[in-house]
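Heads up, the thing below is written out as structure tokens.
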Amino acid sequence: MPAPTCCFTGHRELPEEIKRRLAEEIVCLISEGVTRFAAGGALGFDTLAALAVLQMKVLFAELELTLVLPCKTQDRYWRQAEKELYREILSQADHVTYVSEQYTRGCIQKRNRLLVEGSSVCVCYCAKNQGGTAYTVQYARKKGHRVINLAE
């Protein structure tokens, strides 16, 4: 049986204290036996979560980071520094899955569904009841997943 997997979803705009709270939650999940983590590669919470998992891998070598990405051109319009950080995370991920070669209508929603379907726990920063993060959290709840919302 594969190890439990935690997916991440959240907004781009984040409060300063979220980094510490996210790290604490990841440590709690590791203590519960979660060793696989999946992020969607977007700016904001996804990037923060991927970086936190990569930092934890220094202490917990058994951890795996999977990136489930909407398309290969996701970073096309990002600033140079964002692209460099994204490519650094990509180079350190254990697994990378692309929903689509190019951006298509629906590829982000499909990415969000794949993140949830491959997980049993969802750690999120969801402060609004609309948008992609809210959709993903609702989908996780509908699937019966444990949802840990760091915005609450």
Side-chain angles (χ1 to χ4, degrees), residues 2-23 25-26 29-30 34-58 60 63-143 145-151:
T5 301
C6 168
C7 69
F8 299 104
T9 188
H11 306 305
R12 287 193 179 127
E13 308 272 326
L14 304 168
E16 190 60 39
E17 74 275 1
I18 204 66
K19 186 175 182 178
R20 178 189 52 78
R21 292 186 56 217
L22 176 61
E25 197 56 55
I26 291 170
L29 290 167
I30 293 167
V34 176
T35 57
R36 297 171 62 202
F37 295 87
L43 296 172
F45 192 75
D46 285 6
T47 297
L48 192 65
L51 288 170
V53 171
L54 291 173
Q55 289 170 346
M56 294 287 175
K57 284 183 74 159
V58 174
F60 305 96
L63 300 186
E64 289 182 22
L65 175 64
T66 297
L67 297 177
V68 181
L69 307 174
C71 61
K72 291 186 176 180
T73 57
Q74 171 172 258
D75 66 342
R76 185 179 193 174
Y77 300 108
W78 295 2
R79 293 185 296 237
Q80 190 59 38
E82 295 165 342
K83 288 181 180 192
E84 288 171 12
L85 181 58
Y86 175 68
R87 292 189 179 129
E88 181 64 27
I89 293 168
L90 265 174
S91 74
Q92 294 182 55
D94 296 288
H95 311 281
V96 178
T97 300
Y98 293 96
V99 169
S100 175
E101 287 288 318
Q102 300 291 324
Y103 178 84
T104 59
R105 200 147 67 118
C107 71
I108 292 174
Q109 186 178 41
K110 187 173 181 183
R111 182 265 327 259
N112 293 343
R113 291 174 75 91
L114 281 173
L115 279 168
V116 169
E117 288 165 1
S119 305
S120 56
V121 178
C122 177
V123 172
C124 63
Y125 180 80
C126 186
K128 300 182 260 184
N129 289 328
Q130 59 190 26
T133 297
Y135 168 83
T136 306
V137 169
Q138 290 166 0
Y139 187 64
R141 286 191 171 120
K142 180 179 168 187
K143 289 288 197 180
H145 293 3
R146 178 173 156 208
V147 174
I148 302 162
N149 188 353
L150 301 180

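Since we're looking at a predicted model, the values are computed, not measured.
By the 4.5 Å heavy-atom criterion applied to side chains, Glu84 and Glu88 are not counted as neighbours. With contacts defined as side-chain heavy-atom distances shorter than 4.5 Å, the pair Leu29/Ile148 qualifies. The closest side-chain heavy-atom distance from Phe37 to Ile26 is below 4.5 Å. In this structure, Cys6 and Ser119 have side chains that are not in contact, with every pair of non-hydrogen atoms separated by 4.5 Å or more. Between Lys19 and Leu48, the closest side-chain pair of non-hydrogen atoms falls below 4.5 Å. Under the 4.5 Å side-chain criterion, counting only non-hydrogen atoms from C-beta, Glu82 is not in contact with Tyr77. Between Pro15 and Tyr125, some side-chain heavy-atom pair lies under the 4.5 Å cut-off. Between Thr9 and Cys122 the shortest side-chain heavy-atom distance falls below 4.5 Å.
Note that CG of Leu22 is 8.5 Å distant from CD of Glu25, once rounded to the nearest 0.5 Å. In this structure, CD on Gln74 lies 5.5 Å from CG on Leu69, to the nearest 0.5 angstrom. Between the OG1 atom of Thr104 and the CD atom of Gln109 there is a distance of 11.0 Å, given to the nearest 0.5 Å. Rounding to the nearest 0.5 angstrom, the gap separating the CG atom in Leu85 from the CZ atom in Arg87 is 11.5 Å. The distance from atom SG of Cys107 to atom CG of Leu114, rounded to the nearest 0.5 Å, is 11.0 Å. Between the CE atom in Met56 and the CG atom in Leu65 there is a gap of 13.0 Å [rounded to 0.5 Å].
Between Arg20 and Glu17 there is no salt bridge, since no side-chain N of the basic residue sits under 4.0 Å from a carboxylate O of the acidic one. A salt bridge does not link Asp94 with Arg36: none of the charged nitrogens is closer than 4.0 Å to a carboxylate oxygen.
Of the possible donor and acceptor atoms, one in the side chain of Thr133 sits under 3.5 Å from a partner among the backbone N and O of Gly10. Although no hydrogens or angles enter the test, the distance criterion places no donor-acceptor pair under 3.5 Å between the side chain of Asn112 and the main chain of Thr136. At least one donor-acceptor pair closer than 3.5 Å links the side chain of Thr47 to the backbone N or O of Ala42. At least one donor-acceptor pair closer than 3.5 Å links the side chain of Arg111 to the backbone N or O of Gly40. Judged by distance alone, with hydrogens and angles left aside, the side-chain atoms of His145 form a donor-acceptor pair with the main-chain N or O of Val116 at under 3.5 Å.
The two residues Gly44 and Leu14 have their closest heavy-atom pair at C-CD1, 3.7 Å. The two residues Ile108 and Pro70 make their nearest non-hydrogen contact at CG1-CB, 3.9 Å. Lys83 and Arg76 get closest at one heavy-atom pair: NZ-O, 3.3 Å. Smallest separation of non-hydrogen atoms from Tyr103 and Thr73: N-OG1, 3.7 Å. Ile89 and Ala50 get closest at one heavy-atom pair: CG2-CB, 3.8 Å. Across all non-hydrogen atoms, the minimal contact from Arg141 to Val147 is CG-CG2, 3.6 Å.
The environment of Gln102 atom CD is sparse: at most 12 non-hydrogen atoms of other residues, nucleotides or ligands sit within 6.0 angstrom. Within 6.0 Å of atom CD in Gln80, more than 12 heavy atoms from other residues, nucleotides or ligands are found, so the atom counts as buried in its surroundings.
Ring-plane geometry between Trp78 and Tyr86 is classed as perpendicular, the angle between the planes exceeding 60 degrees on a 0 to 90 degree scale with a lower cut at 30.
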